[in-house]
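Down below is the structure, laid out as structure tokens.
Letters A, B, ... are given to chains in the order of the sequence lines, protein chains preceding strands, and every chain is numbered from 1. These numbers were taken from a predicted model, which means no experiment stands behind them.
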There are 2 protein chains.
Amino acid sequence: MTDTQRAVSCGNCSVRRLCLPAGLSQGDIDKLEQITRKKKIVKSGESLFRTGDPFANLYAIRSGSFKSAVIAADGDTQVTHFALPGELLGLDAYSGRVHPSYAEALEDSSVCVLPFSQLETLAQQVPALQQQIYSIFSEELKQENDILMLLGKRSADTRLAALLINISSRYARRGYSASRFVLSMPRTDIANYLGLTAETVSRLFSRFQKEKLIRASGRDVEILDLIGLSEVAGTHCGYEGEG
Amino acid sequence: MTDTQRAVSCGNCSVRRLCLPAGLSQGDIDKLEQITRKKKIVKSGESLFRTGDPFANLYAIRSGSFKSAVIAADGDTQVTHFALPGELLGLDAYSGRVHPSYAEALEDSSVCVLPFSQLETLAQQVPALQQQIYSIFSEELKQENDILMLLGKRSADTRLAALLINISSRYARRGYSASRFVLSMPRTDIANYLGLTAETVSRLFSRFQKEKLIRASGRDVEILDLIGLSEVAGTHCGYEGEG
DNA sequence: ATTTTTGCTTGATTCAGATCAATAACTGCC
DNA sequence: GGCAGTTATTGATCTGAATCAAGCAAAAAT
């Protein structure tokens with residue numbers, strides 16, 4: 001076994017506790033690794049899959065980050081998700097056998113390729129894996145509901161504050177600083193995701209800085225006052241999400 | 001076997017093609033029925049489950065309709081879903097072992113009670129059932145993405161038009177008229193779901209009537225001009241959803 | 001049958017965030 | 001290092017939907 005292949009194993013993956021192997025025995029992880037031999041590099045701005053692509057694989061993010069988005073009939077797009085290491089992409093493609101959304105790397109990223117038919121077969125034999133798949137689906141649904149709340153009822157400042165706290169706590173889970181991080185997405189993507197315009201997002205960044213809630217320079221963000229920011233977000237953690 | 005029990009069988013259920021049994025062989029459906037012995041009646045306004053209830057069952061709607069909603073830290077609620085016969089409720093509770101949302105009957109309704117641990121075990125033995133569960137999860141995610149588009153970028157009239165078309169096509173799938181139906185939810189719920197106020201929704205109903213797109217009297221709705229309504233919705237079917 | 005409640009509609013006014021517009025800063029890239 | 005093309009900030013203005021405020025209809029309660 002070469003070093004390159006070793007690098008793909010779950011055992012030495014920094015996000016194994018957040019990803020599919022979570023809760024599996026070593027023996028089951030070995031089986032999972034056997035169907036996850038391929039790794040894929042996706043450069044910043046490139047697509048992992050596009051809307052309409054046939055569904056064959058799920059993708060587990062190893063490193064980097066992605067946005068996923070849907071495209072309406074009129075060509076308009078809506079960013080639906082910012083995905084970080086350990087998260088799965090492509091789950092919404094199962095029922096239609098085609099990807100209804102697309103995923104694009106926000107920075108140079110790498111993913112594990114999971115052929116779904118094989119994963120399905122393995123899950124049939126490994127209850128813990130099946131449970132983990134249900135769990136990931138379910139968690140995803142739960143989070144979407146929280147975003148619906150954000151878009152349905154919340155003011156612009158609340159939305160941005162909630163996003164910053166959410167991203168912060170997700171980075172923290174992955175072993176990075178919760179208070180200082182680099183946003184991998186442009187303002188336009190943040191705005192689109194939050195149902196706002198880039199101008200409004202920019203103004204809010206300025207306002208949050210004036211209010212000493214954050215310090216921001218471009219995509220570099222430092223949270224100075226988590227309590228204050230949480231008050232703006234109207235909650236005590238992300239949008240009740242992961243954290 | 002009594003008549004009451006017979007009534008619970010999938011075989012004579014009008015929505016079996018949309019529900020869990022879809023795609024299963026008769027033998028597999030029999031097995032499914034064995035774990036689905038209980039049926040539950042939920043009266044209008046009553047809860048099927050509440051936020052925070054421990055997760056034990058999934059519920060398949062036999063008749064009637066439900067709204068599900070999440071409650072924010074400040075007590076504010078967001079309606080996340082209107083569920084019709086054949087649809088499953090409770091999927092978002094799996095990962096946390098607790099219901100993160102609640103489900104309330106919009107009219108007198110009945111559901112099949114599916115103990116999840118037994119369903120899980122059965123799915124392990126019946127690949128077609130496992131696939132159907134994945135499919136339902138996946139479909140749900142897909143639809144949430146379409147709602148995100150609606151809430152993120154669309155104007156009030158577009159949102160309501162899309163909802164009307166979506167509900168119409170879902171009724172049609174269940175064998176009811178696509179052009180004439182009774183909304184089971186009050187205006188406030190429609191407004192909340194669409195991220196609007198009840199006043200705005202009411203004004204839009206009036207406007208759509210003036211424009212001869214619909215005829216509405218309270219919750220009784222008739223679609224007069226599907227093409228016109230689709231133009232307002234900016235799409236050719238529901239929010240790209242089920243239809 | 002009459003009061004109370006709940007749900008729906010309509011009008012007047014306000015405001016948060018969009019839109020339009022102009023710079024400014026940053027990122028490659030010759 | 002300088003130029004072209006993004007990406008971000010800031011300002012002025014506008015507008016769609018919220019909010020505030022009645023009034024009305026239908027259903028539930030007395």
- Query: How close or far is atom P of D:dA8 from atom CD of A:Q209, stated in whole angstroms?
  - Reply: 14 Å
- Task: Check whether the side chain of A:R159 and the base of C:dG17 form a donor-acceptor pair under 3.5 Å.
- Result: no
- Message: Quick check for you: among C:dG17, D:dA8, C:dC8, whose closest atom lies nearest to any side-chain atom of B:S202?
- Response: C:dC8
- Note on the structure: Closest non-hydrogen atoms of A:F55 and A:A93, given as atom of the first, atom of the second and distance, are CD1-CB, 3.4 Å
- Nearest whole angstrom, please: distance from the P of D:dT6 to the CG of A:D189. 15 Å
- Find the distance A:D220:CG to C:dT27:P and express it as a whole number of Å. 11 Å
- Contact under 4.0 Å: B:T200 side-chain N or O vs D:dG16 OP1/OP2: no
- Message: Nearest heavy atom decides the nucleotide; on that basis, is A:E199 or A:S155 closer to the 5' end of DNA chain C?
- Response: A:S155
- Message: If I take atom CG in residue A:L183 and atom C1' in nucleotide D:dT7, what distance separates them, rounded to the nearest angstrom?
- Response: 14 Å
- Would you indicate which nucleotide in D:dT10, C:dC8, C:dT9 comes nearest to any side-chain atom of A:S206? D:dT10
- Task: To the nearest 0.5 angstrom, please state how far the OH atom of A:Y193 sits from the CG atom of B:L148.
- Result: 8.0 Å
- Task: Whole angstrom is fine here: how far is it from CG in A:L160 over to P in C:dA16?
- Result: 17 Å
- Quick one: does A:R174's side chain have a donor or acceptor within less than 3.5 Å of a partner on A:P85's backbone? yes
- Task: Kindly say if A:R219 contacts the phosphate of D:dA8, meaning a side-chain N or O under 4.0 Å from OP1 or OP2.
- Result: yes
- Nucleotide nearest B:R187 (side chain, heavy atoms from C-beta), chosen from D:dA8, D:dA17, C:dC8: C:dC8
- Item | Any B:R203 side-chain nitrogen or oxygen under 4.0 Å from OP1 or OP2 of D:dA17 | no
- Axis-to-axis angle across the helix from C:dA1-D:dT30 to C:dC30-D:dG1, five pairs an end, to 10 degrees? 50°
- Hey, is the main chain of A:Y59 close enough, under 3.5 Å, to the side chain of A:N57 for a donor-acceptor pair? no
- Atom CG of A:L106 to atom C1' of D:dT7: distance rounded to whole Å? 14 Å
- Message: Output the rounded distance in Å from CG (A:L204) to C1' (D:dT9).
- Response: 13 Å
- In whole angstrom, what separates B:F205's CZ from C:dG7's C1'? 13 Å
- Query: What's the verdict on side-chain hydrogen bond (donor to acceptor under 3.5 Å, both in side chains) for B:D92 and B:S101, showing C-alpha distance, side-chain angles and the deciding distance?
  - Reply: CA-CA 8 Å; B:D92 55 353; B:S101 56; 2.7 Å; yes
- Item | A:T197 vs C:dG17: side-chain N/O to OP1/OP2 distance below 4.0 Å | no
- Is a side-chain N or O of B:T158 found less than 3.5 angstrom from the main chain of B:R154, in a donor-acceptor match? no
- Message: side-chain contact (heavy atoms from CB on, under 4.5 Å) for A:D157 and A:F208? Distances and angles first, verdict last.
- Response: CA-CA 9 Å; A:D157 55 357; A:F208 286 176; 4.1 Å; yes
- Touch check for B:G195, heavy atoms < 4.0 angstrom, all strands: base, sugar-phosphate only, or nothing? sugar-phosphate
- Query: Between the side chains of A:S65 and A:E107, is a donor N or O closer than 3.5 angstrom to an acceptor N or O?
  - Reply: yes
